[in-house]
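Heads up, the thing below is written out as C-alpha cells.
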Amino acid sequence: MNPPCFYVDIEKLRHNAAQIKKLCNQKGIEVMGVIKGVCAFLPVVRAMLEGGIGKLGDSRIKNIVRLRNAGIRDPIYLLRLPMLSEVEEVVLHCDGSLNSEVGSIKALSEAAKAVGKTHKILLMVELGDLREGIMPHHVMKVMEEIVGLPSIEVEGLGTNFGCYGGVLASFANTKILVDLSREIEETFGLRLKTLSGGNSSTIPLMLQGDLAPGINQYRIGEGILLGRDPSSLKPLPGTYQDAFVLEAEVIEIKTKPSAPSGEVGLNVHGDAPRFQDRGPRVRAIAALGTQDGIVEGLRPRVEGVEILGASSDHLIMDITEADGIEVGSTLAFDMEYRALMSFSASPYVAKSPM
Ligand SMILES: *Cc1c(COP(=O)(O)O)cnc(C)c1O
C-alpha cells in the first residue's frame, strides 16, 4: 500500500478484546465492543468478535449497514441517538439503540411495528457529563410515556462518563443508575436486563471494585483498540497500546532556520503562531496533513522525531536528533484515539491488516 496508510495488528487486537472481556467478566460486566473509532473497519470488527466480544456498538448507521452487508449477524446497537430521519434503517439493521427522546422512541416503535420487529432501547440518563441523557428526575415520566409502546423493549438504562464534561464515574454516580432501575422495576413491574454504566474511562473504577453493584455492561472502544483509559491515557492491564501504526512518506529534508522570516500574519489555521528560535535545524516534511486527519494525535515512533506542525497537506517535523531518515523514507506514528478515528475515516488513507 502506498503511504499514507495504516496497518492493524489483528493478533494484538484479538488479544486486547479477549483481555478486556476477561477483566470485565470477572466483575460481572458484559462488554459491548465499540467500533466507531476505526469506522467499523471489518478486520477490526472480526478481531473483536474472535476475541469473544458478543455485542457491537457504532454511532453511525452507515457503518452498521456496511457490516450487515458484509455478513455480520451479531447484535449491533446504534450508539448515537437516532435521527428521526433514520429510524426505518435503525430498526432494520440494529438490534437496539441508545435513546433519550420520547418522540424518537415513538418513531422507532412505529417503524419497528411496520416491519414486524421488536427494537431494544437503552434509556440514556444524564449523570453529570452533560452529553446525551434524560435528567434523573425526569426518567420516571419518560418511562410512563414509553412503557406501553408496541415493538419496543426497554432493555435497560445507560449513561456516559468522561466524554464531553470529562466527568469521572464514581460509586455515587453509578449508584444513581442502579437506584433508578430498581424504582422503574418496582413501579412498572418489569425487569431491566442491562445497566450500561460506562465506557473505557470507567474501567479503572471497576478494577478498583468501586462500581455500584448492579451495573452489568460497559461500552468499550478505546480500551480495546488502544489499550488505554482515555481519562488518564494510562495503559490498561495486560493490553497492547500499539495495535495500529500510521505510515507517512518523507518528501523534503532541509536545514532551515527554526523561526520564520518576514512579516508574520495569520497562518493557514487562522492562528498567529509563535516560534522559539533554536537556530538552524534539520526539518523533514511528510505527505500528510490536516485534511487527512487530526495530526495533533500522532506520536512519532522513531526516536528524535518531533512534530512541529502541519498544513492541510504537509506534516512538518524537526529530525535534527534522528538518524537515517531520507526523502522517500516512511515514518511510523502511533495514533491517539482522535487520530485513529479521523485517519480511519479519510479517503486518502488506506487501511490494512498487517
Ligand atoms: C463512543 C462511545 C462509547 C465508547 O467510548 P470509549 O471511550 O471509546 O470506550 C461508549 N458509549 C457511547 C454512547 C459512545 O458514543
Side-chain angles (χ1 to χ4, degrees), residues 13 16-17 19-21 23-24 29-41 44-45 48 51 53 55-64 75-83 90 94-101 104 120-134 155-169 174 177 194-207 211 215-236 239 241 243-244 294 297 335-342 344-345:
L13 262 182
N16 279 7
Q19 169 68 2
I20 295 293
K21 177 184 152 87
L23 292 175
C24 291
I29 308 273
E30 166 202 49
V31 177
M32 180 189 290
V34 175
I35 51 186
K36 67 188 186 201
V38 285
C39 294
F41 183 46
V44 169
V45 173
M48 277 201 197
I53 303 292
K55 228 176 224 183
L56 301 169
D58 199 303
S59 46
R60 296 182 189 245
I61 192 70
K62 282 189 178 166
N63 287 345
I64 296 171
I76 308 182
Y77 284 64
L78 182 68
L79 296 177
R80 184 167 64 186
L81 309 177
M83 294 185 268
V90 173
C94 306
D95 299 80
S97 58
L98 277 44
N99 285 274
S100 68
E101 289 289 345
S104 306
K120 300 188 172 98
I121 62 166
L122 293 175
L123 264 194
M124 294 303 279
V125 181
E126 161 56 44
L127 292 178
D129 196 54
L130 293 181
R131 210 179 71 179
E132 76 277 48
I134 305 160
E155 180 188 328
L157 303 179
T159 193
N160 233 334
F161 293 110
C163 260
Y164 175 70
V167 170
L168 298 175
T174 53
L177 203 68
T194 303
L195 289 184
S196 193
N199 48 23
S200 300
S201 71
T202 339
I203 293 176
L205 187 77
M206 175 194 81
L207 294 176
L211 189 64
I215 301 290
N216 61 6
Q217 184 190 77
Y218 273 3
R219 309 172 308 271
I220 300 186
E222 181 165 352
I224 297 173
L225 300 171
L226 296 176
R228 278 185 203 283
D229 158 21
S231 66
S232 67
L233 296 181
K234 288 203 186 113
L236 294 169
T239 61
Q241 285 72 52
F244 296 90
I294 300 176
M335 290 179 277
E336 290 177 1
Y337 191 73
R338 58 190 166 155
L340 181 64
M341 182 197 70
S342 58
S344 62

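Just follow the structure's listing: the first ligand is 1, and inside any ligand the first atom is 1.
Nearest protein neighbour of atom 3 (C) of ligand 1, counting heavy atoms only, is Lys36 NZ, 3.7 Å. For atom 11 (N) of ligand 1, the nearest protein heavy atom (residue, atom name, distance) is Arg219 NE, 2.8 Å. Atom 6 (P) of ligand 1 has as its closest protein heavy atom Ser200 OG, 3.5 Å. Of the protein's non-hydrogen atoms, the one nearest atom 5 (O) of ligand 1 is Asn199 CB, 3.6 Å. In terms of protein heavy atoms, atom 13 (C) of ligand 1 is closest to Arg131 NH2, 3.4 Å. Taking atom 8 (O) of ligand 1 as the reference point, the nearest protein heavy-atom neighbour is Glu222 N, 2.8 Å.
Side chains of Glu132 and Asn160: a donor on one and an acceptor on the other come within 3.5 Å.
No donor-acceptor pair closer than 3.5 Å links the side chain of Glu222 to the backbone N or O of Ser200.
Residue Ile220 has at least one heavy-atom neighbour below 4.0 Å for each of these atoms of ligand 1: 9 (O). Atoms of ligand 1 found under 4.0 Å from any heavy atom of Leu98, numbered from 1 in the order shown, are 13 (C). Heavy-atom proximity to Glu132, at under 4.0 Å, picks out these atoms of ligand 1: 13 (C). The contact set between ligand 1 and Asn160, taken as ligand atoms under 4.0 Å from a residue heavy atom, comprises 13 (C).
Shown here is Arg60, whose CZ atom has no more than 12 heavy atoms of other residues, nucleotides or ligands within 6.0 Å.
Each of Lys55, Lys21, Arg219 was compared with Glu30 under the salt bridge (charged side-chain N to carboxylate O under 4.0 Å, His left out) criterion, and only Lys55 meets it.
Taking CD from Glu101 and CG from Leu123, the interatomic distance works out to 11.0 Å, rounded to the nearest 0.5 Å. The CD1 atom of Ile29 lies 5.0 Å from the CG atom of Leu211; values are rounded to the nearest 0.5 Å. Rounding to the nearest 0.5 Å places SG of Cys94 at 12.0 Å from NZ of Lys120. Taken from OH in Tyr218 to CG in Leu205, the straight-line distance is 5.5 Å, to the nearest 0.5 Å.
Not a single N or O atom of Met124, backbone or side chain, sits closer than 3.5 Å to an N or O atom of ligand 1.
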